[in-house]
Amino acid sequence: MLSEKLVDELNEQIKYEFFSAYLYMAISGYFEAEDLPGLAAWMRVQALEEMTHAEKFFNFLCDAGGRTDLRGFEKPKNDYASPLAAFEYSLEHEKFVTNRINGLMDLAKTEGSHATQILLQWFVTEQVEEESSFGLIVKKLHRIGNDGNGLLRLDEDLATRIFVYTPPA
Ligand code: FEO
């Protein structure tokens, strides 16, 4: 049995995962407008992955007897000063999500919800990967600086990312 507080926070997390997808689609649109189809494709794959994160929390709430409560969110940022600024913004967003996951884990521990802790363990590991992959691209963009050819090479590289849908357990 999940507490009211835990159900509320899990619903908040569904909101933030869907918001992450929405934000990354907005950033994908920015990259499309900047004629960087590879960066745009990478962000679209990221947006699809965020949808599966939301689905994981949604499924868990349904299975664990918590009522789902989908919420609205504000307009995401659509315009950026540069590809670097867009990825730095994304990395900060991922750090925010990591903090939320850690807070959720603390709450699940306080309330003795073992099932929620097992669910969150997957997200703790996932956030390490998320921050690492965004952080690596931020570093590459820093190194590229104003080198147009370097940016085109990165664009070609990121175009190879594909989305593999694994239905959440
Ligand atoms: Fe679902 Fe990128 O955190």
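Because the structure is a prediction, the values reported are computed rather than measured. One-based numbering, in listed order, for ligands and for the atoms of each.
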Considering only N, O or S atoms of Glu50, the one closest to atom 2 (Fe) of ligand 1: OE2
Closest approach to atom 2 (Fe) of ligand 1 by Glu130, given as the N, O or S atom name: OE2
Atom 2 (Fe) of ligand 1 to nearest N/O/S of Glu94 less than 2.8 Å: yes
Answer with yes or no whether the side chains of [Y] and [X] bring together a donor and an acceptor at under 3.5 Å.
| X | Y | answer |
| --- | --- | --- |
| Gln121 | Gln117 | no |
| Gln127 | Glu131 | no |
| Ser20 | His53 | no |

Closest contact, heavy atoms only, Gly72 versus Lys15: O-CD, 3.3 Å
Metal-centred angle, atom 1 (Fe) of ligand 1 as apex - OE1 of Glu17, ND1 of His53, 10° resolution: 100°
